[in-house]
Number of protein chains: 2
Amino acid sequence: MAKQKISTMKELSEAIGVSRPTLSRYFQDPTSVRPSTSAKIKERLADVDYVYNFLATRQNRKSTELIGVIIPHLEDLFFASLLEAIERHARELGFTIITQSSDGDPQIEEHAVRKLRSMSADGAIIAPLGSESSAELFQWICDDLPIVFADSHPAGNDDCADFVGTDNYQSVASLVEYLCRADEPPYFLGMPLLNTNAFERRNSYAKTMRALGHEPKFIEPAGVDDSWQFEAYGHGIMNHHFSHQRYTDATILCANDRIAIGAIRAANKHGLFARGCESRSALRIAGHDDHPLSRYMYPAVTTVAQDVEGIAKSAVELLVGRIRGERTGDPVRLLKPAALKLRESA
Amino acid sequence: MAKQKISTMKELSEAIGVSRPTLSRYFQDPTSVRPSTSAKIKERLADVDYVYNFLATRQNRKSTELIGVIIPHLEDLFFASLLEAIERHARELGFTIITQSSDGDPQIEEHAVRKLRSMSADGAIIAPLGSESSAELFQWICDDLPIVFADSHPAGNDDCADFVGTDNYQSVASLVEYLCRADEPPYFLGMPLLNTNAFERRNSYAKTMRALGHEPKFIEPAGVDDSWQFEAYGHGIMNHHFSHQRYTDATILCANDRIAIGAIRAANKHGLFARGCESRSALRIAGHDDHPLSRYMYPAVTTVAQDVEGIAKSAVELLVGRIRGERTGDPVRLLKPAALKLRESA
DNA sequence: CTCCCTTTTTTACACATGTAAAAAGTGCAC
DNA sequence: GTGCACTTTTTACATGTGTAAAAAAGGGAG
């Protein structure tokens, strides 16, 4: 690469032989200059090493074409796949993604939101933590720029921005119905109450159970602290119970797959699954989300698949619609259905 | 929040009653102004809603305090944990992270590198893809800004930037030695040749085997395409072989845990592990990395734990050292040892 | 009260680009 | 060759901040 390094548009305009404003217009839309000029610029550009200054361009354009994404944890394959899908769709529409992980900490979440505003992001997709303290923050940011909440929505103010997520009532109901149809009605092993999904899944379980004429039965957490370490959480609780011979032939619906993975590990250690998972065991464990590794567990986790791809696509589309001003008015609330994945564990 | 919204430092300086340059210095270092002034600013700032303009500040500072991180896939818990750790350390040092996933695609990787330069990032931590086409690109970016390669290094030019990663020779050797000591010498199930780790682990396996007086034996991929879908890769290959009664009582060393997870699933489906993983089976499968879910498999995966935290910490420290000019001279090559994790699968 | 030193304000310019308006240039039809 | 329409160049100003230098103000010691 012996190409001449050029660092400003002014230098570049001299090297190419067109004026700087013409170059500026060319970079924003090559068809906005005469075809012969456009060709000339394109040709000379190939001989030269020039990268435009992102900071300077974005400071002056009305739109920065930056979209912020805030998720609770990168180290969770559900959020990781959501993020990858969002990135893919945003890239197609010409937007750059700024990812911030809130690391489960409302303070970091707040910091991330403020940083997005200071970066003049055009909008943001947020998978919020469940902290009540965030309500004010979200109200504040919603006033300033288009926001789409994804996966879960803030506890207090549901009406300040669009939302896309899974219809937990549908997804959990379809699992409960299946489990009741196939065998015993399930117990519910909830997730730590970290966001609205935790509540909705719990409520949906109870509601569906009652509708089917069963009394909801919850497995008690037994001294495990609330955290995003779901596998450890599920494993800790169920290992404890199985050690005391409890729930050893029960049907257990876990609030998410990561908890189910922990629970399945505990069950295996206690030899509670029938050899060769084809023959159904008395103990049944189901999850929720279709975590990428669910199918590799043994037994493979029966679960419901969230439409991650659809959620990501809609979130980006909703957001970009707002950013471009094509969509105004009341916030939209998109609930995606989830698909039952019958596998081996239940 | 009825706070007065203020969007520029000029407005703010009028509202507070100090000059704009004083404010500017206050924001960069509150101790650089007289304590009484600092207190006054701090006090009035609380009554007002002001966010500095990131783009404008960073355009003019010599340092943007932005660090770019490029990883092959977010949807891989190894990289996700690496990224989280990097983010944490960078945040402590006051740097903002811009993450770009190359999605396994050299073109996207190139795009990401160029974007980092156009954003005037102070430096970048890159976990490169193995593509030869990237050599020129990396040379180009290394000339412009401090780079640290993490996890794996570009195939061609090893000497253009610092590197931090796992000592694959040590890690694989310790596994091979353990496996040979405990029982039969292992076969090697490699990973797709996507980066230098793939080669190094393969070579280390062969070398260690010979040193111990055994002939290296490789399990052939049997028509599975090269991709980052490691679980599917491992599962596909081993399911195929197990179906033909091959390797059913072998010891198999997988190039990473995700492949091992796929292989273990296949083994379980074929009933090849002894019930209750306490009693050792003839079939043994080991992995590499200590993937966060390895311990939840059944049998739990025997593996070596990469020092993700240490790699992330060193990568950030090396990079920041270069950025601050505290470190110059020849590239450093830091190899972290990995720790054997004896679990149930081997 | 004065002097000196420190801090702050004022003023000015810089950064790399966007963008608007006026001036100059180009090409084409007649 | 003239006139017209379209492009491009020129010129000038904008963005929101960093930063340097000079001028002004403030505080403390004598």
Side-chain angles (χ1 to χ4, degrees), chain A residues 5-42 44-45 48-66 96 114-115 117-122 144, chain B residues 5-42 44-45 48-66 94 96 114-122 144:
Chain A
K5 284 216 172 168
I6 288 190
S7 52
T8 75
M9 252 175 75
K10 186 152 166 289
E11 282 180 61
L12 182 64
S13 72
E14 286 157 10
I16 289 191
V18 289
S19 73
R20 193 179 62 74
T22 304
L23 267 182
S24 175
R25 276 192 299 137
Y26 170 83
F27 280 121
Q28 287 176 73
D29 180 11
T31 67
S32 67
V33 303
R34 200 196 300 160
S36 65
T37 312
S38 174
K40 174 178 163 191
I41 295 175
K42 195 177 169 191
R44 308 256 180 116
L45 220 42
V48 135
D49 182 11
Y50 168 74
V51 247
Y52 69 93
N53 183 316
F54 187 89
L55 299 176
T57 62
R58 302 318 159 109
Q59 176 179 0
N60 297 319
R61 293 189 186 163
K62 39 290 119 239
S63 158
T64 56
E65 282 168 329
L66 279 175
T96 302
R114 294 190 186 282
K115 172 139 278 167
R117 219 199 83 164
S118 87
M119 285 192 164
S120 329
D122 285 344
D144 278 343
Chain B
K5 284 215 173 168
I6 289 190
S7 51
T8 76
M9 250 174 77
K10 188 153 166 289
E11 283 179 60
L12 182 64
S13 71
E14 286 158 7
I16 288 192
V18 289
S19 73
R20 193 179 62 73
T22 304
L23 267 182
S24 175
R25 277 192 300 137
Y26 170 83
F27 281 121
Q28 286 175 72
D29 179 9
T31 68
S32 68
V33 302
R34 199 195 303 157
S36 64
T37 313
S38 175
K40 173 177 164 190
I41 295 175
K42 194 174 170 192
R44 308 257 178 115
L45 219 42
V48 137
D49 183 13
Y50 168 74
V51 246
Y52 69 94
N53 182 316
F54 186 90
L55 299 175
T57 62
R58 302 319 159 109
Q59 175 180 1
N60 297 320
R61 294 191 185 163
K62 37 299 144 210
S63 157
T64 56
E65 282 168 328
L66 279 175
T96 302
R114 293 191 186 282
K115 172 140 279 167
L116 289 184
R117 217 198 83 163
S118 88
M119 286 192 164
S120 329
D122 285 344
D144 278 343

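We name chains A, B, ... by the order of the sequence lines, and we start the count at 1 in each one.
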K.L.:
Counting only side-chain heavy atoms from C-beta out, which of D:dT9, D:dG18, C:dT19 sits nearest to A:V18?
P.N.:
D:dT9
K.L.:
Write down the distance between CD (B:E11) and C1' (D:dT15), rounded to a whole number of angstrom.
P.N.:
13 Å
K.L.:
Using a 4.5 Å cut-off on heavy atoms from C-beta on, say whether the side chain of A:L66 contacts that of A:S120.
P.N.:
no
K.L.:
Using the test salt bridge (Lys or Arg N to Asp or Glu O under 4.0 Å), find all partners of A:K42 that sit at least two apart in sequence or belong to another chain.
P.N.:
none
K.L.:
State whether A:Y50 places a side-chain N or O below 4.0 Å from either non-bridging phosphate oxygen (OP1 or OP2) of C:dT17.
P.N.:
yes
K.L.:
Are the side chains of B:I41 and B:V18 in contact, using a 4.5 Å heavy-atom criterion?
P.N.:
yes
K.L.:
Please give, in whole Å, the distance from D:dT15 C1' to B:F54 CZ?
P.N.:
17 Å
K.L.:
Who are the salt bridge (Lys or Arg N to Asp or Glu O under 4.0 Å) partners of B:K5, not counting sequence neighbours?
P.N.:
A:D144
K.L.:
To the nearest Å, how far apart are B:I6 CD1 and D:dT17 C1'?
P.N.:
16 Å
K.L.:
Sub-3.5 Å donor-acceptor pair from the side chain of B:D122 to the main-chain atoms of B:S63, do we have one?
P.N.:
no
K.L.:
Specify the separation, in whole Å, of atom CD1 of A:I16 and atom P of D:dT9.
P.N.:
11 Å
K.L.:
Find the distance B:F27:CZ to D:dT19:P and express it as a whole number of Å.
P.N.:
15 Å
K.L.:
Rounded to the nearest angstrom, tell me the gap between atom CD in B:E65 and atom P in D:dG18.
P.N.:
11 Å
K.L.:
For A:Y50, enumerate each residue passing the ring-ring contact (aromatic ring centres under 6.0 Å, His included) test, keeping only those at least two apart in sequence or located in another chain.
P.N.:
A:F27
K.L.:
Taking five pairs at each end of the helix from C:dC1-D:dG30 to C:dC30-D:dG1, what angle separates the two helix axes (nearest 10°)?
P.N.:
30°
K.L.:
To the nearest Å, how far apart are A:Q28 CD and C:dA20 C1'?
P.N.:
13 Å
K.L.:
Which parts of nucleotides 21-28 of chain C does protein reach within less than 4.0 Å, heavy atoms only, written one letter per nucleotide 5' to 3' as B for base, S for sugar-phosphate only and - for none?
P.N.:
--------
K.L.:
Take A:R61 and A:Q28, measure what side chain to side chain contact (heavy atoms under 4.5 Å, CB included) needs, and give me the verdict at the end.
P.N.:
CA-CA 10 Å; A:R61 293 189 186 163; A:Q28 287 176 73; 3.4 Å; yes
K.L.:
Please check the phosphate of D:dT9 (OP1 and OP2 only) for any side-chain N or O of A:T22 closer than 4.0 Å.
P.N.:
yes
K.L.:
Rounded off to whole Å, could you give me the CZ-to-C1' distance for the B:R58 and D:dT15 pair?
P.N.:
17 Å
K.L.:
Ignoring hydrogens and angles, tell me if any N or O in the side chain of A:D29 forms a donor-acceptor pair with the backbone of A:R25 under 3.5 Å.
P.N.:
no
K.L.:
Evaluate the side-chain proximity of B:F54 to B:T64: yes if any heavy-atom separation is below 4.5 Å, no if none is.
P.N.:
no
K.L.:
In terms of the nearest nucleotide of DNA chain C, which residue is placed more toward the 5' end: B:S19 or A:Y52?
P.N.:
B:S19
K.L.:
What's the closest nucleotide to the side chain of A:R25 if the choices are C:dT17, C:dT19, D:dT8?
P.N.:
D:dT8
K.L.:
Give a yes/no on whether any side-chain N or O of B:K62 is located under 4.0 angstrom from OP1 or OP2 of D:dT19.
P.N.:
yes
K.L.:
With a 4.0 Å cut-off on heavy atoms, is A:S24 in touch with a base, just the backbone sugar-phosphate, or nothing at all?
P.N.:
base
K.L.:
Nearest 0.5 Å please: distance from the OG atom of B:S7 over to the CG atom of B:L12.
P.N.:
10.0 Å
K.L.:
Are the side chain of B:R20 and the backbone of B:M9 linked by a donor-acceptor contact shorter than 3.5 Å?
P.N.:
no
K.L.:
Do B:T96 and A:K115 make a side-chain contact, defined as non-hydrogen atoms from C-beta onward lying under 4.5 Å apart?
P.N.:
yes
K.L.:
What protein N or O atoms touch nucleotides 13-15 of chain C N or O atoms at under 3.5 angstrom, if any, and at what distances?
P.N.:
unit_1	atom_1	unit_2	atom_2	d
C:dC15	O2	B:N60	OD1	2.2
C:dC15	O2	B:N60	ND2	3.4

